[in-house]
Visitor: 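Pasting in a structure now, in structure tokens, and then I'll have a few things to ask.
Order of the sequence lines sets the chain letters (A, B, ...), proteins ahead of strands, with each chain counted from 1. All values below were derived from every heavy atom in this structure, side-chain atoms included, with hydrogens, water molecules and symmetry-related copies excluded.
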Amino acid sequence: MADLSTLNAPQRQAVLHGAGPLVVFAGAGSGKTRVITYRVANLVDEHGVAPWRILAVTFTNKAAAEMRERCGKLLPSGAQDLWVGTFHATCARLLRRYSEVIGIKRDFVIYDDADSRAMVTRVLRDLRLDEKRYEPKQVLGRIHRAKQEAIGPDKFAVHDSFTEIVHRIYQTYDERMKRSGALDFDDLIFRLVEALEKNESLRAEMDRRFSHVLVDEFQDTNHVQLRLVRVLADRHRNLCVVGDDDQSIYRWRGADRRNILDFRKAFPDATVVKLEQNYRSSARILRAAMSVVTRNVEREPKELWTENAEGAKVAAIRCDDERDEARIMVQHVRTALSEGRRLSDVALFYRIHAQSRVFEEALRAANIPYRVVGGVRFYDRAEVKDVLAYLRLVHNPDDDVSLLRVINVPARGIGKSTIDRVLDDAARAGSSTWDAIRRVIDDPAQPSATRKKLLAFLELVERLRARSSNGEGPAALVQAVLDETSYSRQLEDEDTPEADARLENLRELVGSIQDFVGDAEEPTLASFLELVTLETDADRQTEGDRLTLMTVHAAKGLEFPVVIVAGLEERMFPYRGVDYDDDPEEMEEERRLAYVAFTRAREKLVLTYARQRRVFGQLRWDLRSRFVDEIPPDVLHEIGGAASRPTWIAERGDDSYGDEPGGYLRRPFEAIAVASAAAVSHGESYVDRSDGDIVDEAGLHRGMRVRHSKFGVGLVQGVSGDLPSKITVAFPGWGTKQILARFLEPL
DNA sequence: TCCGAATTAATTTTT
DNA sequence: TTAATTCGGA
């Protein structure tokens, strides 16, 4: 059993809480996962709750796996009977189990975002709508939003001509999805909620199935997810939600912090627990993080504190430009290594992926192994998706998106005109594309070459289907796909580095299927396909001691001894898109993002900003981020010059920035850019005249007198802008020396 | 049908 | 800058 004596008071309260609703506000690094797992163990051990009646929901597979593993360690019976999973995986499982009652196909396929988009594009074309006016991305966004608000096509509100069209697209999309036997990510949750809210006996069944519901990262739930949780916990009311409104960074995906903030309104008898002791970060890092996030207006009051040491100051380093920033990053990584840390102890965060390129180049040049989290998912690579599309087609020939993806891949002479012919037929008959292909083949009025090519494709898929129904497993099947379609051979013939990389990816795909067959409880094609769409790259851990590069979003939930956050400039972080609309909510989310970034660091936090940066081919001169300026001075160690903005701005006396919320916005940055460009061309202003400002971590700066054990008393000439700083000191009789600060004693 | 030039748009992306 | 997508011509 879990040892409760190691818990602090609020942690223990959350763990021991018995029946009834409970909301836990878990500050960063406050031992949240520990509380959840101990709580589960306690329910089983002390309250005699059957493990299979406990449902724990997370957002990521990784979090689910971790929870399962840690619960398993605490429970003598292990964790296999617990229902632990992501929202999506849990819903998929329940939808399959109750597919008959709910009225959906048992072996539905799951469409990821790309598949959904392909579907929308197809609908757009079929409805003969202008793809410029109704961008698939935008339309899909509307459909997503509707589904997240639990609004079906029948309830979709029409205000104007645009929403009217979206409504039509939504309806057709929905029909096509049904016809294809497909559900998108939102459907997984929406359809289950719908069914539960409509069907009382299904609800009763769920009540029998689950007596306790736990939700992790509750601040990230959207409306349907809240509905789902509520309907699942409606009867027994044993609902425990855990989260941190300060770490809510997915508003743009439909997450609503109100779900956690207003939990007490929805459940007036809810017990509220706040975990405010941080076990992760140094006191200084914590203060820096708090100073940024406490400026938000709408947040649950929380006062994070720690017993950890003060630690080093947070370094704020001024860089010339993004290349200089990368150079300085490399220096810091080397310093960390020389201090005895491993590469995996260090992480580099940035606001947007586009920033990673320069860093990657610098790291490659410096021969430092790294990995970039995010970017293109393995299962999103074109060749992998192609092969998966074949597998999905084998599983379910009605899957139109997959069919259209591979009907001419590799090229087999089925061109646009042929495909259009098939699609016309499908539209007329209201059937799946697969059935339309059959009809076109049987139609003597069609050109014989067309019929022949289509027949060849149809027979190819049928052959693969026959193998599958003869009991060939997914591993054999994927090999068959590669052989029968001659996909690999075509790539081999290409004989280019890119083709080799693709082949390598396909080999990896085969490998991952073999792993799956070895590990899975149910090594069927269906469950492999589900796993593949519900698994992201973050779940595929890479081995080896490497530096980690990722966006701040990807960093949530992780921690590192050393964290470098790059690009701390206005417009970069806080990020400003082209269509920035001065939404204070957006600014608050940027703050929370900064809070998440800072609180990932255990011992050392380094912030860098560039005075000049090329963004999407455009040069920018932006002020250092307000998030740096807001850090209290006693926590901050300025390197490379304390002056946060070019002197000429200060001289012009219009430096209103920071005086009031939104003050920055009152200053047109175009004007700054123009003025600074002029300054640069005069060769002034951007020349660093602030050497005297450079203060090293021990408070050393130019002009100070210091003593050295060997050289005696000397005068500080300068401070290097890296960490740990090297101090240039002139010693009478010895000349000038470069010396590490720790060998010097200030006088 | 396919290739390469031109055009366009560019946060974040748990599933 | 870049990468993805689209379009036009062979």
Visitor: Would you please name every residue forming a ring pair (Phe, Tyr, Trp, His ring centres under 6.0 Å) with A/His144, sequence neighbours left out?
Guide: none
Visitor: Between A/Glu322 (CD) and C/dT2 (P), how many Å, whole number?
Guide: 11 Å
Visitor: Holding to ring pair (Phe, Tyr, Trp, His ring centres under 6.0 Å), I want the full list of residues that pass it with A/Phe516, two or more places apart in sequence or in another chain.
Guide: A/Phe528
Visitor: Taking the C1' atom in each of B/dT11 and C/dT6, what is the distance between them to the nearest angstrom?
Guide: 24 Å
Visitor: Each nucleotide N or O in nucleotides 8-10 of chain C that has a protein N or O under 3.5 Å away: list the pair and distance.
Guide:
none

Visitor: Under the 6.0 Å and 45° cation-pi test, does A/Arg591 pair with A/Phe627?
Guide: no
Visitor: So, using salt bridge (charged side-chain N to carboxylate O under 4.0 Å, His left out) as the criterion, who are the partners of A/Arg227 when residues are at least two apart?
Guide: A/Glu197
Visitor: I'd like a list of close polar pairs between nucleotides 4-11 of chain B and the protein, N/O only, cut-off under 3.5 Å.
Guide:
from: B/dT11; atom 1: OP2; to: A/Tyr575; atom 2: OH; distance (Å): 2.6
from: B/dT11; atom 1: O2; to: A/Arg351; atom 2: NH1; distance (Å): 2.8
from: B/dT11; atom 1: O2; to: A/Arg351; atom 2: NH2; distance (Å): 2.6

Visitor: With sugar-phosphate meaning primed atoms plus P, OP1 and OP2, does A/Ile414 contact a base, only sugar-phosphate, or nothing at under 4.0 Å between heavy atoms?
Guide: sugar-phosphate
Visitor: Could I get the full list of side chain to side chain contact (heavy atoms under 4.5 Å, CB included) partners for A/Ser486, not counting sequence neighbours?
Guide: A/Arg489
Visitor: Could you pull out all residues at least two apart from A/Glu586 that satisfy side chain to side chain donor-acceptor pair (under 3.5 Å)?
Guide: none
Visitor: Can you find an N or O donor on one side and an acceptor on the other, under 3.5 Å apart, linking the side chain of A/Arg253 with the base of B/dT13?
Guide: yes
Visitor: Select base, sugar-phosphate, or nothing to describe what A/Asp113 touches, counting heavy atoms under 4.0 Å on all strands.
Guide: base
Visitor: With sequence neighbours excluded, give me every ring-ring contact (aromatic ring centres under 6.0 Å, His included) pair touching residues 111-130 of chain A.
Guide: none
Visitor: Stem ranges for DNA chain B, with three or more consecutive Watson-Crick or G-U pairs under 3.5 Å?
Guide: B:1-10 with C:1-10
Visitor: Indicate, with a heavy-atom threshold strictly under 4.0 Å, whether A/Gly413 touches base, sugar-phosphate, or nothing.
Guide: sugar-phosphate
Visitor: Checking A/Arg421 now: which residues fulfil salt bridge (charged side-chain N to carboxylate O under 4.0 Å, His left out) with it, not counting sequence neighbours?
Guide: none
Visitor: Within 45 degrees of the axis of the six-membered ring of A/Trp83 and under 6.0 Å from its centre: does A/Arg68 put its NZ or CZ there?
Guide: no
Visitor: Distance check, P atoms only: C/dT5 and B/dT12, in whole angstrom units.
Guide: 15 Å
Visitor: What residues form a side chain to side chain donor-acceptor pair (under 3.5 Å) with A/Glu588, not counting sequence neighbours?
Guide: none
Visitor: Tell me which nucleotide among B/dT12, C/dT1, B/dT14 gets nearest to the side chain of A/Thr551.
Guide: B/dT12
Visitor: Return the set of residues passing salt bridge (charged side-chain N to carboxylate O under 4.0 Å, His left out) with A/Lys178 (not counting sequence neighbours), or none when no residue passes.
Guide: A/Asp174
Visitor: In whole Å, I'd like the distance from the CG atom of A/Leu534 to the P atom of B/dT13.
Guide: 18 Å
